[in-house]
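Inspection log for the structure reproduced underneath, given as structure tokens.
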2 protein chains.
Amino acid sequence: MEKSLKRMATMHKMQVTGLELFYKQGYYNTSVDDILKKLSLSKGAFYYHFKSKEDFFISILQSLVVKKVYSMLIEPIEGHDNPIDLISNCLEEVLQTAEHNENDYGFVLHNFITEFNGKNPEIMKYLNDTLKVWEVNLVSTLQRGKFNGYVDRHIDCEGVASYIISSFMGVRTLMVEGSATSLRYRYMQQIRFYLRAMAHKQVA
Amino acid sequence: MEKSLKRMATMHKMQVTGLELFYKQGYYNTSVDDILKKLSLSKGAFYYHFKSKEDFFISILQSLVVKKVYSMLIEPIEGHDNPIDLISNCLEEVLQTAEHNENDYGFVLHNFITEFNGKNPEIMKYLNDTLKVWEVNLVSTLQRGKFNGYVDRHIDCEGVASYIISSFMGVRTLMVEGSATSLRYRYMQQIRFYLRAMAHKQVA
DNA sequence: AAAATAACCGACTAATGGGTTTGGTTGTTT
DNA sequence: AAACAACCAAACCCATTAGTCGGTTATTTT
């Protein structure tokens, strides 16, 4: 194999496994050796490619998490259809994959934010930025909805966006331990109820 | 001081400081020495009173967290007034103290649940039980509301309860890092909007 | 083929943390 | 005065972990 390709392949393997374990067990609770053991790679290989554990983690955020956030949380709500439907369906989709994969990236974000809060400002910056991208996109989707006549124009888009994010994060926390399916079902009912209430009132 | 009183005083000091540090830095990221250093106490004292770090943590849950959950999240929503108002005001209250103390106990619960998920079943049991107490109480408050004619009788009380908990946990996660005041304000507006929508429809 | 270098190995270090033990001190109770 | 509870101080054990470093293997370049 070509050298630079091999480099990338190895780095990528490490990142994927790293994310998996960091997510499952927590960053501080996962050792570099844990990751290497799973891949049958050595410490030398790891520190050949990455400066430090922290550096490694940031590279994961940049190359894996951000992309997934885009493909799962942002792209699905773009377009000019009814944003209320787009958002509902997107959340439903994400929660369904979460139920089986237990690896949706909105929650990955949330999980890490909880873990690093007040401990590592450097990493928190990256996490918050990524979360902000989601938030900004929700806001602009809602605003587009106002413009297109789908959303009532009295709605506070920023408020709704951060409320959606809040409730989503919360329900994902509960889903990890509790009965995921019924939680998802209930949550989707409630959020649909909530979102429908802000649809543009059609005069009959 | 009387012996048993002194014992309790020391244990209590350790528990309070322990909770503070566990909450701020995480359980796994806080050493027993960290706690003892802050109190100028010795390891001997610690292991004289507690069997282990885990035993110590469980004692904190039992003697501090549970009580606070009752006084902050459960007692305020008891009574026969409009449950929609009771719940809204209770959440507002808790978020306000959270903003200044950064130590409300609904979130303490959430924070630990996130940390111990899949790592320590023993501790998770205590956390989930405590959370369940809150949930059960929300449900029965809502049901009482139906009975008293405050809440629309088509409402799914379990669904609403877990949705309230979800969104609350989520917003508290965001409040730690983001601009707490505006988040709280927005969140309260949205949850009030949501809750009002399930009020019993009075015929004018 | 030889030199150069990229990729990788794994033993080791230094530090940390949970937990134990021990020997002694102070204050209270009986 | 004897007994005991509530500590202190410090050494110590054992396991874990981030990071280092000298050396080896594989691949590319000359």
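Values reported hereafter were calculated over all heavy atoms of this structure, with side chains retained and with hydrogens, waters and symmetry mates removed. Sequence lines set the chain letters: A, B, ... in the order given, protein chains first and strands last, and positions in each chain run from 1.
Here the P atom of nucleotide D:dG19 and the CD1 atom of A:Ile35 are 12 Å apart, to the nearest Å. In this entry the distance linking CG of B:Leu39 with P of D:dC8 reads 10 Å, nearest Å. Taking atom CG of A:Leu41 as the reference point, atom C1' of D:dT25 lies 14 Å away to the nearest angstrom. Here D:dA6 presents its C1' atom at 13 Å from CZ of B:Phe50, a figure rounded to the nearest Å. Atom CG in A:Leu36 sits roughly 16 Å away from atom P in C:dA7 (whole-Å rounding). C:dA7 atom P lies 11 Å from atom CE of A:Met14, rounded to whole Å. As a whole-Å value, the separation of A:Tyr48 OH from C:dA6 P is 6 Å.
Close to C:dC8, at under 4.0 Å from its OP1 or OP2, lies a side-chain N or O of A:His49.
Among residue pairs with one or both ends in residues 65-76 of chain A, none qualify as side chain to side chain donor-acceptor pair (under 3.5 Å); sequence neighbours excluded.
Test A:Tyr27, A:Tyr28, A:Phe57 against A:Phe112 for ring-ring contact (aromatic ring centres under 6.0 Å, His included) and you get one pass: A:Phe57.
One side chain, A:Glu99 or A:Thr181, offers a donor N or O that lies under 3.5 Å from an acceptor on the other.
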### Query
What one-letter contact string describes nucleotides 10-26 of chain C from 5' to 3', where B marks a base within less than 4.0 Å of any protein heavy atom, S marks contact via sugar-phosphate atoms alone, and - marks no contact?
BB-----SBBB------

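Scanning for side chain to side chain contact (heavy atoms under 4.5 Å, CB included) contacts around A:Asp33 gives A:Ser31, A:Leu36, A:Lys43, with sequence neighbours left out.
You'll find the side chain of B:Arg186 stays beyond 4.5 Å of the side chain of A:Tyr163, heavy atoms only.
Of the charged side-chain nitrogens involved, at least one lies within less than 4.0 Å of a carboxylate oxygen, so that B:Asp129 and B:Lys125 count as a salt-bridged pair.
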